[in-house]
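Positions are given from 1, in the same order as the sequence printed here. Bear in mind the structure is a predicted one, so any value in this text is a computation, not a measurement. All values below were derived from every heavy atom in this structure, side-chain atoms included, with hydrogens, water molecules and symmetry-related copies excluded.
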Amino acid sequence: MLRHLMRRAVEAGLPPALLGWRQVRRLDPETWLAGNPGRGETIHVPATARNPLPRNVASREALDPDPGWWGFSFRDVPARRSGPTRLLHLGPGRIVTYGGPGEDDEFHPAILTAGEAFELDQIVFRPPHGAVLRRRPPPACIGRATWILERVYHNHSHWLTAHLPKLVLLRDRGGLGDVLLPRRLTPVMEASLRMLGLDPKGFTRFEPGGVLEVEELTAVQSDRFRPELLRPVRAALAPPGVEPRRRVFVSRARARGRDLLEEETLWPALERRGFERVLMEEHDFAGQIRLMAETALLVAPHGAGLTNMMFCAPGAHVVEIADTAYPNPNFYALASAMGLNYWLVPAQGVGEGHSLHRDLTVRPEAVLEAVDQALDEGPEALERAVP
């Protein structure tokens, strides 16, 4: 009852600060644009993808329809609706963040404009943001800023697919001057910026866990799986003139969780087929990019390192071993956006705890069947895989 009354009070115009930020009106981009015509710059309009099925799946109906916590399912990917790319000039705004770059201390940003929570995908006002505001920390004040950061920016996959595309887009448009970056950057973040010809010290930096007051705030709205955003990253970072010949199996032997229990059973058969076993942790970021550019056939269990497939040449083959009880279609969507041949081999999670960290068990015969089919297709399949 009290929560209902507070919500009604805020809807009637009471500033949410007076209620301890426990009730904030949520504002989506479409609603905001309707009331602020001319303040949004659309770069890519919404579009429906026309993606191929996984090459070892006969029909769309055979794909899992469960959207899980991603908001879209494997079955959605062949005709997934891609959101727009926009620059949203919000005017005065407030950025509130909590968390940090540690694996167990996830970073979460929120944007407030005129006392309302302006929400984008992965930028959502949560109760801990209200707690930050109730502490009344002295805000840092900035004249102009462009905001690109989403939830868990430090995660390898999130940085490559959600943040680097925005930076490349802004770089190509001459709009990097006001971009805010966190004080601490991961080695991959540092390396990728330098490979784009950007000096990390040239950006305005901030300390997560506080409040930023911005006089003129621009937010970048984007979709993680639009080819128009992802392919320029490959073009900017992958070495030119590399012929993909290698067959690579990515081992998670040193990763935290999701070990492939049958790896030692499977590996001799892959080795006989010309594969090399790779630990991504043994390569710096530039080395990972070159490895993927040289790879014609990639086999890997589900994991953030699989995001590096975005540096494979168009038409390369990717075999993902994934727990179908934890439906995560992100790599299928990514492979489709990059013009790669995608194969899905179902596995099962083993053990207790969150599905994200369980070990995987798979029938080696299922992996080898997909590998042999990919090898049989060879170069003649490449053109068909490119949208």
Side-chain angles (χ1 to χ4, degrees), residues 47-57 60 63-83 85 103 106-107 120-124 149-166 188 221-231 233-234 250 252 255-258 260 280 288 292 298-312 316-347 349 354-358 360 385 387:
T48 299
R50 293 288 180 263
N51 293 322
L53 292 170
R55 300 198 73 85
N56 55 339
V57 173
R60 186 175 175 183
L63 293 170
D64 195 321
D66 182 3
W69 65 359
W70 305 104
F72 72 106
S73 69
F74 274 92
R75 189 175 294 181
D76 292 328
V77 173
R80 180 178 177 272
R81 185 71 171 169
S82 296
T85 307
E103 289 186 7
E106 292 188 350
F107 173 84
L120 299 168
D121 185 36
Q122 305 297 315
I123 302 177
V124 176
L149 295 178
E150 300 177 4
R151 184 181 69 87
V152 293
Y153 66 83
H154 59 282
N155 174 274
H156 185 77
S157 187
H158 283 253
W159 177 253
L160 293 187
T161 61
H163 296 87
L164 270 187
K166 295 179 187 178
V188 168
Q221 179 186 12
S222 67
D223 188 299
R224 280 179 69 187
F225 302 109
R226 289 199 72 129
E228 304 96 321
L229 290 171
L230 289 165
R231 295 189 185 195
V233 177
R234 177 172 60 193
V250 177
R252 288 185 56 85
R256 189 180 73 168
R258 232 172 16 261
L260 185 62
M280 285 294 184
Q288 293 175 22
M292 292 295 97
L298 176 66
V299 178
H302 179 89
L306 193 51
T307 311
N308 290 339
M309 73 166 82
M310 64 189 289
F311 302 109
C312 291
H317 291 261
V318 176
V319 178
E320 180 186 8
I321 304 168
D323 179 4
T324 52
Y326 174 67
N328 184 340
N330 287 346
F331 292 122
Y332 174 23
L334 177 61
S336 299
M338 302 308 298
L340 308 177
N341 292 290
Y342 176 81
W343 306 74
L344 175 63
V345 178
H354 194 286
S355 298
L356 186 62
H357 304 302
R358 292 177 186 169
L360 294 177

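- Between Leu360 and Tyr326 there is no side-chain heavy-atom pair separated by less than 4.5 Å.
- Remark: Leu340 CG to Leu298 CG distance equals 9.0 Å, nearest 0.5 Å.
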What do the steps show when you test Asn330 against Ser157 for side chain to side chain contact (heavy atoms under 4.5 Å, CB included), and what is the final call?
-> CA-CA 10 Å; Asn330 287 346; Ser157 187; over 6 Å; no
Determine, step by step, whether Leu63 and Leu53 satisfy the side chain to side chain contact (heavy atoms under 4.5 Å, CB included) criterion, reporting the C-alpha distance in whole Å, the side-chain angles of both residues, the deciding distance to 0.1 Å, and the verdict.
-> CA-CA 9 Å; Leu63 293 170; Leu53 292 170; 3.9 Å; yes
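- Looking at every heavy atom in both residues, Ile123 comes nearest to Leu149 through CD1-O, 3.4 Å.
- In this structure the side chain of Gln122 never reaches within 4.5 angstrom of the side chain of Leu120, judged on heavy atoms.
- Between the side chain of Arg231 and the main chain of Ala337, a donor-acceptor pair closer than 3.5 Å is present.
- What you find for Phe72 and Ala333 is that their closest heavy atoms are CE1-CB, 4.2 Å.
- Of the inter-residue distances, the one linking Ser222 atom OG with Glu228 atom CD reads 11.5 Å to the nearest 0.5 angstrom.
- Between Phe74 and Tyr332, the ring planes lie parallel to each other; the angle is under 30°, not in the 30° to 60° tilted range.
- Side-chain atoms of His163 and Glu150 include no donor-acceptor pair closer than 3.5 Å.
- In this structure, CG on Leu334 lies 10.0 Å from CG on Asn308, to the nearest 0.5 angstrom.
- Nearest heavy atoms, Asp223 versus Arg81: OD2-O, 4.2 Å.
- Asp121 CG to Arg151 CZ: the interatomic distance, rounded to the nearest 0.5 Å, is 9.0 Å.
- The line from NZ of Lys166 to OG1 of Thr161 is 10.0 Å long, rounded to the nearest 0.5 Å.
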I would like to know whether Phe107 and His154 meet ring pair (Phe, Tyr, Trp, His ring centres under 6.0 Å); could you show each step before the answer?
-> CA-CA 8 Å; Phe107 173 84; His154 59 282; 7.9 Å; no
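- Rounding to the nearest 0.5 angstrom, the gap separating the CG atom in Asp76 from the CG atom in Asn51 is 11.0 Å.
- Arg234 and Met338 get closest at one heavy-atom pair: NH1-O, 3.1 Å.
- Summarising the geometry of Leu230 relative to Arg224, their closest heavy-atom pair is CD1-O, 3.3 Å, with the distance given to 0.1 Å.
- Taking each heavy atom of Gln288 and His156 in turn, the nearest pair found is OE1-CE1, 3.9 Å.
- Side-chain contact check for Val233 versus Leu160: every heavy-atom pair is 4.5 Å or farther apart.
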